[in-house]
Amino acid sequence: MSDTTIAASDVPVPPLEGGVEEEREYVGLLYSRLDELRAEKEEQLSRVRGSGAVGTMQNVSERDAFATMYEDRLAQLNAVDDRLVFGRLDLDSGECRYIGRIGLTDQHQQRLMLDWRAPEAGVFYQATAFERQGVRRRRHLLLKRRDVQGVEDEVLDADLLDEDTENHGDGALLAALKARRTGQMGDIVATIQAEQDRIIRADLPGVMVVQGGPGTGKTAVALHRAAYLLYSHRERLKSAGVLIVGPNSTFMSYIDRVLPSLGETGVVMSSLSELYPGVRGIEEQDPNVDEIKGRLDWTQIIADAVAHRQRTIAEPRDVVIDGIRVSVTPAIINRGRERARATGKPYNEARSTFVKVVVKDIAEKLEKIVEKRSEGNEADRSYLVEDVRQSRQVRTLLNMCWMPRTPQNLLEDLFSRPQYLADVAPQLTRQERDLLAREKGTPFTISDVALLDEAAELLGDLDETAGREEARQKAAREKDLENAQKAVENATPQLAEMGIEGFLDAESVAAMNDESGPSLSASERAQVDRTWTYGHVVVDEAQELSPMQWHVLMRRCPLKSFTVVGDIAQGSSPSAAHSWASAMEPFVGERMRVEELTVNYRTPRNIVDLAEGIARANGLEITSLRTVRDGDYEPIVEQVDAEQLLSAARDAVGAEQKRIGEGLVAAIVPEPLVGQVRDQLAELHGDRVGRGAGSLSQDVVVLSAEEAKGLEFDAVVLVEPADLLEEAHGKIGSLYVALTRPTHALHVVASKPLPAGF
Ligand SMILES: Nc1ncnc2c1ncn2[C@@H]1O[C@H](COP(=O)(O)OP(=O)(O)OP(=O)(O)O)[C@@H](O)[C@H]1O
């Protein structure tokens with residue numbers, strides 16, 4: 001290990017009355033320590049890598065264990081560089097604690113900075129003037145990259161108020177909220193509010209539902225909670241993993257930098273369309289179809305569809321094997337079916353029992369015939385079983401009675417063969433079944449994803465050898481784990497010495513040693529494995545999930561440890577929940593807690609007032625939100641002639657750019673106008689205009705209301721609200737979402753009569 005030079009005593013903690021200069025010095029020390037650790041890890045990593053793959057299994061495991069640890073730690077040290085430290089607490093006891101993205105100690109294990117998730121850091125977020133919790137002063141350190149640009153003090157101890165209070169400014173929270181948006185969500189670690197902190201630090205077990213209106217920080221809280229749980233339950237969650245589910249891929253890319261900036265990388269993020277490995281569901285065009293496919297009835301329909309594919313024969317059937325005619329009776333088939341069903345295994349796996357039993361019975365019959373013909377000659381006739389199995393006629397008969405099936409072809413059959421659907425889905429009306437009809441080969445939709453998953457669960461593995469291979473791999477993995485465990489045990493004292501804990505676990509070391517292919521981390525393996533069960537699941541925009549989607553997600557976490565965030569009022573999908581109790585009860589009974597967030601951090605008062613007025617005028621039940629800012633720009637509502645709509649939308653974008661100075665402007669427009677508005681804007685802004693998913697880094701972006709869900713922009717130009725409402729089939733939730741996306745300005749352009757409340 002290289003010599004470390006940074007000691008806490010090198011730069012004493014700045015005195016209470018110190019300002020930016022003194023803090024700069026201390027922050028400089030923290031960065032020096034970070035650099036030192038980084039250099040150390042780089043050196044250790046190259047040393048370990050250079051040592052070659054020699055020695056016993058355990059030596060190799062040990063070496064890999066260290067390499068994994070150094071790589072993980074290096075990635076983490078790199079990710080937290082920007083605004084490493086953001087807080088300082090001065091306590092009644094005279095103690096001073098610096099709070100940052102990770103914990104840091106000097107070479108003598110003297111603490112330099114606390115991880116924000118450590119229990120002792122909690123008071124940074126929770127202390128108030130009424131309940132000081134021993135805090136005299138909370139200081140926010142405002143950094144730009146590595147440089148301290150300012151400090152903000154909140155003095156909680158009245159005795160201190162007489163002293164120097166010059167460090168009061170706009171407030172760290174306000175500064176964060178006013179900052180221009182980049183198209184990517186940032187972390188809120190420096191300014192988490194007390195009501196949010198309570199949710200973030202809540203216990204792991206059980207289902208926690210976080211209800212909150214627009215902009216109350218639900219997404220931010222859900223992500224910080226994932227980071228918190230990974231820190232405080234690392235042992236358990238690192239191997240089982242955490243799954244974060246969001247509504248669509250635009251949203252997933254919007255949030256995907258938050259966890260890395262908090263030093264966490266091993267989380268699986270998936271939109272609802274990608275939950276079934278190998279399929280990416282496209283949008284469902286007809287909301288009625290979406291609603292039908294979201295019903296829990298499908299667990300029964302699919303179970304019946306699966307069972308329906310097992311048939312028997314009414315009459316004996318002759319098959320010819322090795323030139324000999326054998327009669328296969330209904331009794332033989334029925335016996336096979338019963339034996340297979342009795343295994344209780346999924347369809348495809350039970351089928352191998354069916355095949356085995358029927359083949360054996362036919363072979364016995366065949367043997368008797370052969371015996372008769374050879375008049376008691378006692379030759380070995382075990383080959384007959386193989387002959388029966390290979391017989392084309394037997395295979396056809398077996399397939400006719402019990403066809404091997406994939407989830408994909410089961411679903412395709414259901415939707416392309418009206419009679420099949422009618423037979424297994426009496427729950428659906430004729431009209432509903434007609435709506436589902438589609439040709440084979442049509443791409444799967446988002447609502448099909450849950451149905452595919454259900455079918456996969458009931459069908460089981462198609463490959464008869466898969467089970468055996470799985471068992472072999474499992475045994476090999478258990479052996480690897482044992483070796484890895486030993487390696488980790490040997491490494492632990494050295495880790496502790498370096499002030500690093502919990503960065504290494506036997507699972508990830510074993511994964512590195514996995515010879516079956518490129519080494520995959522737990523999260524990478526989880527992503528491709530439909531049957532993976534997670535330690536915790538976070539669901540965002542959860543009000544939109546259909547009962548079938550919940551059913552499938554519950555399977556991903558049998559321990560039912562969930563953080564579910566959403567807003568009932570924002571529901572726009574046909575299956576959207578009317579209450580959390582009705583949405584969740586079928587799956588978790590009464591075992592859920594509902595927490596509420598009540599402050600809108602995103603949108604200023606004047607825009608919230610407008611949005612809430614419109615929501616109420618259209619019959620939406622909402623709780624009024626408190627806001628943090630009044631708003632510097634009055635909302636604009638402009639009525640134009642129909643033929644001027646596009647040019648007015650274009651001009652409104654220009655006007656908003658001018659009005660807010662700089663920042664991201666979004667045009668939220670009815671689906672059919674997206675292309676035209678984009679073309680209009682491209683004339684003015686060229687390739688700085690983005691369209692939909694993946695284009696949020698542009699200056700201007702054109703989106704449908706659906707795509708804008710969960711996102712935010714400095715200014716929003718909302719085009720033709722009447723059409724937005726109609727497109728959502730009169731559900732006001734969708735328009736309410738669009739109206740609450742701006743952080744600064746709102747500009748509405750309409751040619752049709754405005755919906756009530758404008
Ligand atoms: N404590 C905080 N400090 C700084 N910014 C915050 C804080 N809480 C929320 N924000 C900011 O407020 C904005 C809204 O947060 P977020 O997107 O998490 O809200 P939401 O409740 O998920 O919104 P919606 O339901 O409307 O999509 C984000 O820019 C977020 O960073």
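First listed ligand is number 1; within each ligand, the first listed atom is number 1.
- Scanning the protein for heavy atoms near atom 13 (C) of ligand 1, the closest one is E712 OE1, 3.2 Å.
- If you check which protein heavy atom lies closest to atom 26 (O) of ligand 1, you get R741 NH2, 2.7 Å.
- Distances below 4.0 Å separate heavy atoms of M185 from the following atoms of ligand 1: 16 (P), 17 (O), 18 (O).
- At a heavy-atom distance under 4.0 Å, only side-chain atoms of L173, from C-beta outward, approach ligand 1.
- When all heavy atoms are compared, the tightest approach of R137 to R88 is NH2-NE, 3.5 Å.
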Next item on the list: Please test D81 against R146 for salt bridge (charged side-chain N to carboxylate O under 4.0 Å, His left out), starting from the C-alpha separation and ending with a verdict.
Entry: CA-CA 8 Å; D81 197 286; R146 288 184 160 210; 2.8 Å; yes
Identify every side-chain donor-acceptor pair in residues 724-731 under 3.5 Å, counting partners at least two apart or on other chains, and give the distances.
from : atom 1 : to   : atom 2 : distance (Å)
E727 : OE1    : E671 : N      : 2.8
K731 : NZ     : S573 : O      : 3.1

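- Residue, atom and distance of the protein heavy atom nearest to atom 3 (N) of ligand 1 are T191 OG1, 2.6 Å.
- Atom 31 (O) of ligand 1 has as its closest protein heavy atom I188 CG2, 3.5 Å.
- Atoms of ligand 1 lying under 4.0 Å from any heavy atom of Q193, numbered from 1 in the order shown and given with element: 1 (N).
- Among all non-hydrogen protein atoms, the one lying nearest atom 18 (O) of ligand 1 is A220 N, 2.9 Å.
- The closest approach between any non-hydrogen atom of G213 and ligand 1 is below 4.0 Å.
- For ligand 1, the atoms sitting less than 4.0 Å from at least one non-hydrogen atom of R181 are 29 (O), numbered in the order shown with element in parentheses.
- For atom 19 (O) of ligand 1, the closest heavy atom belonging to the protein is G217 N, 3.0 Å.
- In this structure, I192 counts as a contact residue of ligand 1, since one of its heavy atoms falls inside 4.0 Å of the ligand.
- The ligand atoms of ligand 1 that sit less than 4.0 angstrom from a heavy atom of E541 are 27 (O).
- Here the heavy atom of the protein found nearest to atom 17 (O) of ligand 1 is R602 NH2, 3.2 Å.
- The shortest heavy-atom distance from G710 to ligand 1 is under 4.0 Å.
- For ligand 1, one of its N or O atoms has an N or O atom of T219 under 3.5 Å away.
- In this structure, the side chains of D147 and Y31 stay at 4.5 Å or more apart for every pair of heavy atoms.
- Atom CZ of R280 is surrounded by 12 or fewer heavy atoms from other residues, nucleotides or ligands within 6.0 Å.
- At a heavy-atom cutoff of 4.0 Å, ligand 1 is contacted by the side chain of L177 but not by its backbone.
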Item checked: L243 vs C557, side-chain contact (heavy atoms from CB on, under 4.5 Å): CA-CA, chis, key distance, verdict -> CA-CA 9 Å; L243 169 69; C557 185; over 6 Å; no
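- Heavy-atom contacts from other residues, nucleotides or ligands closer than 6.0 Å to CD of E131 number 12 or fewer.
- With a heavy-atom cut-off of 4.0 Å, T216 touches ligand 1 through backbone and side chain alike.
- Heavy atoms from other residues, nucleotides or ligands lying under 6.0 Å from CZ of R257 number 12 at most.
- No side-chain donor-acceptor contact under 3.5 Å links E596 to the backbone of G213.
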Next item on the list: Step by step, work out the ring-ring contact (aromatic ring centres under 6.0 Å, His included) result for H224 and Y231.
Entry: CA-CA 11 Å; H224 286 71; Y231 172 87; over 10 Å; no
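- Atom CG of N618 and atom CD1 of I732 lie 3.5 Å apart (nearest 0.5 Å).
- Protein heavy atom closest to atom 20 (P) of ligand 1, with residue, atom name and distance, is K218 N, 3.4 Å.
- Of the heavy atoms in K709, none comes closer than 4.0 Å to ligand 1.
- Between R234 and E264, at least one side-chain N (NZ, or NE/NH1/NH2) sits under 4.0 Å from a carboxylate O, which counts as a salt bridge.
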